[in-house]
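Structure record follows, encoded as structure tokens.
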There are 2 protein chains.
Amino acid sequence: MPQVIEEIPHPTREQLELSAVLHALSEPVRLEMVARLAACELDDEPTCGSFDVAVTKSTCTHHFKVLREAGVIRQHRRGTARLNTLRRDDLEARFPGLLDAVLRSAGV
Amino acid sequence: MPQVIEEIPHPTREQLELSAVLHALSEPVRLEMVARLAACELDDEPTCGSFDVAVTKSTCTHHFKVLREAGVIRQHRRGTARLNTLRRDDLEARFPGLLDAVLRSAGV
DNA sequence: GCACTCGTACGATGGTTGTCGTACAAGCGA
DNA sequence: TCGCTTGTACGACAACCATCGTACGAGTGC
């Protein structure tokens with residue numbers, strides 16, 4: 001286990017729960033966030049502010065928190081920005097094919 | 001379009017919404033119902049009462065209603081009993097691979 | 001007809017959640 | 001240092017939801 005400096009708590013791969021993941025993805029705003037994250041997840045990690053969803057900042061924070069605590073995304077800080085990445089590998093390991101099926105169904 | 005006598009309202013295949021389906025499946029009790037439905041879905045259609053989940057009758061009715069309105073299951077009456085089937089084909093058509101991924105992840 | 005079973009309907013209730021506004025902490029840049 | 005940007009924290013609020021109990025309707029069997 002590499003010792004990762006992580007100020008923000010995340011569930012481990014083993015702690016991922018299907019119900020929590022499905023619940024996190026069942027919210028249209030969050031689903032859109034995940035879809036965008038998946039779309040531009042080549043090399044850059046979008047910050048929270050780079051999503052122009054139709055909600056305020058605090059609501060955005062709330063949704064990112066739900067996604068993070070469900071284990072769907074990983075967040076880490078760089079300066080004042082908070083960078084977000086999809087936890088593709090962990091999700092694929094625990095729930096094979098699920099994320100892809102959801103993203104495909106979401107019309108990404 | 002065959003004219004089906006159906007007293008209970010169901011969404012059409014085109015009306016299925018990803019968010020509603022994910023929300024319906026994100027509840028542990030409902031997920032277990034769906035898993036059992038998938039397991040014994042060979043020829044028999046289980047009635048509502050044949051699920052011995054840890055909730056009362058009325059809660060059970062509520063969960064079946066949520067699943068039905070999300071389009072996950074189809075219900076029809078035979079006498080006083082209500083028979084339940086998984087809408088595999090419709091789900092597969094709209095959200096390919098999703099149901100299988102969920103069921104596999106649920107440990108069925 | 002009469003009980004019994006199956007499932008629904010309705011109301012109540014306590015908990016969860018999505019939304020927002022405001023205030024605040026932490027960096028960055030001039 | 002002094003704003004400006006980024007995002008969080010907290011409180012508030014309305015809406016939703018899972019749960020239950022009770023009452024009821026519709027069939028089935030005696």
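Below, all heavy atoms of this structure are taken into account, side chains as well, without hydrogens, waters or symmetry copies. Residue numbers start from 1 in every chain, and the chains themselves are labelled A, B, ... in the order their sequence lines are given, proteins ahead of strands.
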Residue pair A:L37, A:V72: steps toward the side-chain contact (heavy atoms from CB on, under 4.5 Å) verdict: CA-CA 11 Å; A:L37 221 42; A:V72 177; over 6 Å; no
Hphob cluster co-occupancy, B:F95 + A:L91, side-chain heavy atoms under 4.5 angstrom: yes
It should be established whether A:R82 places a side-chain nitrogen or oxygen under 4.0 Å from OP1 or OP2 of nucleotide D:dT8. yes
Using the salt bridge (Lys or Arg N to Asp or Glu O under 4.0 Å) criterion, which residues pair with A:D90? Sequence neighbours excluded. A:R13, A:R74, A:R87
Going by the rule side chain to side chain contact (heavy atoms under 4.5 Å, CB included), which residues pair with A:E69 if we only count those two or more places apart in sequence or in a different chain? A:K65
Note: A:L25 and B:L22 closest approach over all heavy atoms is O-CD1, 3.5 Å
Contacts satisfying side-chain hydrogen bond (donor to acceptor under 3.5 Å, both in side chains) that involve residues 25-35 of chain A (not counting sequence neighbours) are A:R30-A:H63, A:E32-A:R36
Nearest to the side chain of A:T61, which nucleotide is it out of C:dT19, D:dT8, D:dT19? D:dT8
Atom CZ of A:F64 to atom P of D:dA9: distance rounded to whole Å? 14 Å
Looking only at side-chain N and O atoms, does A:H63 come under 4.0 Å of OP1 or OP2 in C:dT19? yes
Review item, nucleotides 20-22 of chain D N/O atoms under 3.5 Å of protein N/O:
unit_1, atom_1, unit_2, atom_2, d
D:dC20, OP2, B:T56, N, 3.1
D:dC20, OP2, B:T59, OG1, 3.3
D:dG21, N7, B:S58, OG, 3.2
D:dG21, O6, B:S58, OG, 3.1

Expected list for residues 21-33 of chain A near DNA chain D, using heavy atoms below 4.0 Å, is none
Can you check whether B:H62 has a side-chain N or O nearer than 4.0 Å to OP1 or OP2 of C:dA9? no
With sequence neighbours left out, the residues meeting side chain to side chain contact (heavy atoms under 4.5 Å, CB included) with B:S58 are B:T56
According to side chain to side chain contact (heavy atoms under 4.5 Å, CB included), who are the partners of B:P28, at least two apart in sequence or on a separate chain? A:S19
Qualifying residues under side-chain hydrogen bond (donor to acceptor under 3.5 Å, both in side chains), relative to B:R68, sequence neighbours excluded: B:Q75
Hey, could you give me the CZ/CG distance between A:R104 and B:L18, rounded to the nearest 0.5 Å? 12.0 Å
Between P of C:dG7 and CZ of B:R68, the distance in whole Å: 13 Å
A:H76 NE2 to D:dT6 C1', straight-line distance once rounded to whole Å: 15 Å
Reading nucleotides 25-30 of chain D 5' to 3', which nucleotides get B (base under 4.0 Å from a protein heavy atom), which S (sugar-phosphate only), which -? -BBS--
With sequence neighbours left out, write down each residue that passes side-chain hydrogen bond (donor to acceptor under 3.5 Å, both in side chains) with A:E17, or none if nothing qualifies. none
In whole Å, what is the span from the NZ atom of A:K65 to the P atom of C:dC20? 17 Å
